[in-house]
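Right, one structure below, let's go through it.
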Number of protein chains: 2
Amino acid sequence: MGKLSTRDRIIEAAYTLFSEKGYHGTSTREIAKAASVSEVTLFRNFGSKELLFEKVLKNKSIIPDLLAATKDVEQYNLNDVLLSLAKRFYYTMVSKKKFIMITFSEINQYSEKIIDIYEKFITQIDELFVKILLKYKDDNTNSDLKTIAMAFRGMIFDLFLTNEIFLRKNIEKTKINNILSSYVKIILNSINK
Amino acid sequence: MGKLSTRDRIIEAAYTLFSEKGYHGTSTREIAKAASVSEVTLFRNFGSKELLFEKVLKNKSIIPDLLAATKDVEQYNLNDVLLSLAKRFYYTMVSKKKFIMITFSEINQYSEKIIDIYEKFITQIDELFVKILLKYKDDNTNSDLKTIAMAFRGMIFDLFLTNEIFLRKNIEKTKINNILSSYVKIILNSINK
DNA sequence: GATTAAAGTAAGTGGTTACTTACTTTATGG
DNA sequence: CCATAAAGTAAGTAACCACTTACTTTAATC
């Protein structure tokens, strides 16, 4: 990895510390130390702790990653498409765990910004799933695809929360993939009789 | 409602404030003011802010409510049993929203205690669902009931998170019940071919 | 009416926090 | 070599924090 600018080192340090100890639990002194800069440099660069926090949120947002991860899914059957998307969705969240931790800790303090993030997050995933289910749907079923999409996203999101945030069990990747595969089958059973 | 003791007034005030502003974001002065007691009384009763926090967690835990809510489900078909349980699960979480908010905010700060809570929470619900699915399962299917139970809990938990914590949309109860009903059908499709 | 327990008031402790000011060092590039 | 920009150092601000001490008030009980 290349050397980071002073600014980026501060953002990285703040990102990690905010995710581990929350906004109020982290002091600017700690952040400066972790970034190997003086506290004065931190304030010269960002003005205040709050503005730094906002830059961290912007800089580390999961939304661009999510957009990238759900592009270009080209497979021939619904099972493969859904499984592929489920994995991408899941592992994108894993790679953005710190960001999700921050939004959890600060959902009340910064509710506007964070609600906005989750709104994008949820509608984007749901719409994508609906679009895909529509393509493959049996014509003689009238299942509510939006509800099925919500259910699918919910299972996967909960799997992530349970393993990565709440219980931290470090489950093997193959086991995760098997569960995701089962979840796909549950969905498939719902749209094809 | 009857008058609360000094101790209980402090716990109530702390419960609300911790859920709104987090542990570090709430001062003992604020808590005392909200409880209409002097700060000295707070410290005389609980010793320290941290001990008060622990009492709040203990006093307001969702676990006993969850145990109570999932007892005595007597219905004649699986659809009704699952729907009834899904509703109880969902609305218990709604009634304990503040508690869940606190665990979210402080999951890193008090990880041991909170992981313990979620471990109980998750295993309890999953085991209950598995037990019920087993009773009604078609003998000729070999679906993995534990995975199906996880999926079911996941959908419902995510529905709660999305509506109550992340988006706060105040959706009508009938709409929630319809979604829960659809979720039950998704599960039923998975265990009966 | 005296005793006792639970509350309040007032004042203050030492520590930490976000943030500032003023001055100095370091490194870069013309 | 000089100008400039970005960094550091040192010291300090005012506010706030959790928590304490010492003393007083209130209210219920015997």
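Naming convention: chains lettered A, B, ... in sequence-line order (proteins, then strands); numbering from 1 in each chain. Atoms considered below: every heavy atom in the structure, side chains included; atoms not considered: hydrogens, waters and symmetry mates.
Among the atoms of the strands shown, none is found under 4.0 Å from any heavy atom of Ser5(A).
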Indicate every side-chain donor-acceptor pair of residues 124-134 of chain A with a distance under 3.5 Å to a residue at least two apart or in another chain.
{"residue": "Asp126(A)", "atom": "OD1", "partner": "Arg153(A)", "partner atom": "NE", "Å": "2.6"}
{"residue": "Asp126(A)", "atom": "OD2", "partner": "Arg153(A)", "partner atom": "NE", "Å": "3.4"}
{"residue": "Asp126(A)", "atom": "OD2", "partner": "Arg153(A)", "partner atom": "NH2", "Å": "2.9"}

Could you list the donor-acceptor pairs under 3.5 angstrom formed between side-chain atoms of residues 172-179 of chain B and any protein atom two or more places apart in sequence or on another chain?
{"residue": "Asn177(B)", "atom": "OD1", "partner": "Tyr91(B)", "partner atom": "OH", "Å": "2.9"}
{"residue": "Asn178(B)", "atom": "ND2", "partner": "Thr174(B)", "partner atom": "O", "Å": "3.4"}

Using atom types as modelled, flag every donor-acceptor pair under 3.5 Å from a side chain in residues 59-73 of chain B to any protein atom, sequence neighbours excluded.
{"residue": "Lys60(B)", "atom": "NZ", "partner": "Glu12(B)", "partner atom": "OE1", "Å": "3.4"}
{"residue": "Lys60(B)", "atom": "NZ", "partner": "Glu12(B)", "partner atom": "OE2", "Å": "2.4"}
{"residue": "Ser61(B)", "atom": "OG", "partner": "Ile63(B)", "partner atom": "N", "Å": "3.1"}
{"residue": "Thr70(B)", "atom": "OG1", "partner": "Leu66(B)", "partner atom": "O", "Å": "2.8"}
{"residue": "Thr70(B)", "atom": "OG1", "partner": "Leu67(B)", "partner atom": "O", "Å": "3.3"}

Atom pairs, N/O to N/O, protein against nucleotides 18-20 of chain C, distance under 3.5 Å?
{"residue": "dA18(C)", "atom": "OP1", "partner": "Thr26(A)", "partner atom": "O", "Å": "3.4"}
{"residue": "dA18(C)", "atom": "OP1", "partner": "Lys49(A)", "partner atom": "NZ", "Å": "2.8"}
{"residue": "dA18(C)", "atom": "OP2", "partner": "Thr28(A)", "partner atom": "N", "Å": "3.0"}
{"residue": "dA18(C)", "atom": "OP2", "partner": "Thr28(A)", "partner atom": "OG1", "Å": "3.0"}
{"residue": "dC19(C)", "atom": "OP2", "partner": "Lys49(A)", "partner atom": "N", "Å": "2.6"}

List every contact pair, protein side and nucleotides 25-28 of chain D side both N or O, where the distance is under 3.5 Å.
none

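Applying the salt bridge (Lys or Arg N to Asp or Glu O under 4.0 Å) rule to pairs touching residues 180-191 of chain A yields nothing, sequence neighbours excluded. Among pairs with a residue in residues 29-49 of chain B, none fulfils ring-ring contact (aromatic ring centres under 6.0 Å, His included), at least two apart in sequence or across chains.
A straight line from CZ of Arg44(A) to P of dT25(C) spans 15 Å, rounded to a whole angstrom. At whole-Å resolution of the value, CD in Glu30(B) and P in dC17(D) are 7 Å apart. Regarding Leu51(B), its CG atom lies at a distance of 14 Å from the P atom of dA18(D), rounded to whole Å. Nucleotide dG8(C) holds its C1' atom 14 Å from the CG atom of Leu42(B), rounded to whole Å. In this structure, CG of Leu52(B) is placed 11 Å from P of dA18(D), rounded to the nearest angstrom. Rounded to whole Å, the distance from NZ on Lys33(B) to P on dC16(D) is 13 Å.
Side-chain N/O atoms of Thr6(B) include one lying less than 4.0 angstrom from OP1 or OP2 on dA7(C). Contact annotation: Asn45(B) reaches the phosphate of dA7(C) (side-chain N/O to OP1 or OP2, under 4.0 Å).
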Would you check, one step at a time, whether the test salt bridge (Lys or Arg N to Asp or Glu O under 4.0 Å) holds for Glu54(A) with Lys113(A)?
CA-CA 9 Å; Glu54(A) 285 172 26; Lys113(A) 278 162 204 145; 2.9 Å; yes

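To the nearest 0.5 Å, atoms OG1 (Thr6(B)) and CD1 (Ile11(B)) are separated by 11.5 Å.
Listed nucleotides dT9(D), dA7(C), dA7(D) differ in distance to Ser38(A); the shortest reach to its side chain belongs to dT9(D).
In this structure Phe99(B) satisfies the ring-ring contact (aromatic ring centres under 6.0 Å, His included) test with no other residue, sequence neighbours excluded. Considering only residues two or more places apart in sequence or on other chains, Arg29(B) meets the side-chain contact (heavy atoms from CB on, under 4.5 Å) condition with Ser27(B), Glu39(B).
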